[in-house]
There are 2 protein chains.
Amino acid sequence: MTIIDPSAETLTIREMCDTYQVTARTLRFYEAKELLAPIRSRSKRLYTKQDRARLQLILRGKRFGFSLEDIRQLLDMYNRNGSNQAQLARTFDLGQDRLAQMKAQAAELQIAIAELEEELQGASAALAAFRAAAE
Amino acid sequence: MTIIDPSAETLTIREMCDTYQVTARTLRFYEAKELLAPIRSRSKRLYTKQDRARLQLILRGKRFGFSLEDIRQLLDMYNRNGSNQAQLARTFDLGQDRLAQMKAQAAELQIAIAELEEELQGASAALAAFRAAAE
DNA sequence: CGTTACATTTACGTTAACGTCAAGCACTCT
DNA sequence: AGAGTGCTTGACGTTAACGTAAATGTAACG
């Protein structure tokens with residue numbers, strides 16, 4: 001028999017919005033894209049702990065510029081959804097590719113940071129000269 | 001005979017496309033957005049060495065997810081366009097902010113890389129188990 | 001039972017960064 | 001002169017990730 005679990009730590013859509021700084025539209029949009037699947041209590045959405053974990057992963061993915069479609073596929077891996085070997089192998093490969101991309105991006109980013117710092121050195125010197133002249 | 005224009009320090013739009021792997025539409029689009037300003041030889045665009053340098057900066061900026069509008073502002077800094085102190089100071093601040101953002105992004109990226117690597121460890125182990133069972 | 005306060009669905013609007021025609025010059029070769 | 005090619009300027013189309021508005025539902029409060 002299925003117990004309804006009164007201690008259900010579920011959040012309403014509004015509580016989710018406040019907690020994670022997203023709009024209700026965003027949550028429904030993610031659901032439409034099959035990134036989330038909250039339970040429904042008579043036409044209302046209820047977000048479980050798993051839903052919240054998924055949302056956090058989604059938001060983290062977005063911070064790195066991954067598309068929602070990318071994220072949807074990555075979520076499968078994080079969930080070890082790959083119940084069969086072929087599926088698991090595919091998501092594994094996908095993760096490998098992504099990892100390589102991220103490392104490349106990190107390397108480029110380091111270079112860009114160094115270059116920008118150098119630029120700012122020059123700008124800083126120019127500013128100092130200006131201020132000295134304004135004396 | 002066709003003169004090859006020995007002093008040709010300029011490239012046509014097509015040569016630019018081939019050299020930098022962008023479409024003509026893209027180059028015209030950047031021009032409309034005031035990121036580029038090639039000279040015109042009787043209704044035709046000619047790209048100078050400076051134009052090419054700018055394009056390279058644009059493309060590099062894009063690789064890091066900067067918007068074209070962001071890039072347009074950064075170009076001002078790279079060009080030391082800030083002929084007056086106020087302008088220079090503003091672009092300098094803009095660069096500072098950008099640098100901070102990039103460093104934060106780099107830090108987050110490192111964390112994400114570590115996490116993803118860990119995930120892949122698990123997935124790899126699961127795959128190995130599968131293959132062993134298939135023996 | 002009416003009002004207030006959110007929820008939900010449906011659907012059109014928005015922005016960025018181009019893609020994709022369409023129609024017309026301007027050459028150059030034949 | 002005619003044909004072909006490349007370049008030009010519109011101008012509408014496209015995708016992602018939501019925003020925003022309208023119409024409707026429902027739950028709790030007094």
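Naming convention: chains lettered A, B, ... in sequence-line order (proteins, then strands); numbering from 1 in each chain.
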* Under-4.0 Å side-chain N/O to phosphate OP1/OP2 contact, B:R14 with D:dC7 -> yes
* To do: Please confirm whether the backbone N or O of B:K44 pairs with a side-chain atom of B:S41, one donor and one acceptor, at under 3.5 Å?
  => no
* In whole Å, what is the span from the CG atom of B:D18 to the C1' atom of D:dG6? -> 13 Å
* Asked: Between B:T23 and C:dG19, is there a side-chain N or O to OP1/OP2 distance below 4.0 Å?
  -> yes
* Out of D:dA17, D:dT8, C:dT8, which nucleotide sits closest to the side chain of B:R40? -> D:dT8
* Between B:E117 and A:K103, is there a salt bridge with N-O shorter than 4.0 Å? -> yes
* Asked: Which of the following nucleotides, C:dT8, D:dC18, D:dT26, is nearest to the side chain of A:R42?
  -> D:dT26
* Structure fact -> All heavy atoms of B:L35 vs all of B:I58, minimum pair found to be CB-CD1, 3.8 Å
* To do: For B:K62, answer base if it contacts any base atom (sugar-phosphate contacts may also be present), sugar-phosphate if it contacts only those atoms, and nothing otherwise; contact means non-hydrogen atoms under 4.0 Å.
  => sugar-phosphate
* Please report, rounded to the nearest Å, how far the P atom of C:dT8 is from the CD1 atom of A:I39. => 13 Å
* **Residue B:R45, side-chain atoms from C-beta onward, closest of D:dT9, C:dT8, D:dA17** => D:dT9
* Could you state the CG-P distance from A:L11 to C:dA7, rounded to the nearest angstrom? -> 12 Å
* Distance, rounded to the nearest Å, where B:K44 contributes NZ and C:dT28 contributes P -> 7 Å
* Taking CZ from A:R25 and P from C:dA7, how many angstroms apart are they, rounded to a whole number? -> 16 Å
* Rounded off to whole Å, could you give me the CG-to-C1' distance for the A:L36 and D:dC18 pair? => 14 Å
* **Touch class at under 4.0 angstrom, heavy-atom based, for A:R28 against every strand present** => base
* Rounding to a whole Å, what distance do you find between A:F29:CZ and D:dG19:C1'? -> 11 Å
* Asked: When you check the gap from the basic side-chain N to the acidic O, do A:R98 and A:D70 get nearer than 4.0 Å?
  -> yes
* **Interatomic distance, B:F66 CZ vs C:dA17 C1' [rounded to whole Å]** => 17 Å
* Check whether any side-chain nitrogen or oxygen of B:Y30 sits under 4.0 Å from OP1 or OP2 of C:dC18, and answer yes or no. => yes
* Inspect the contact between B:E31 and B:R40 and indicate whether a charged nitrogen and a carboxylate oxygen are less than 4.0 angstrom apart. => yes
* Is there a side-chain polar atom (N or O) of B:T12 under 4.0 Å from OP1 or OP2 of D:dG6? -> no
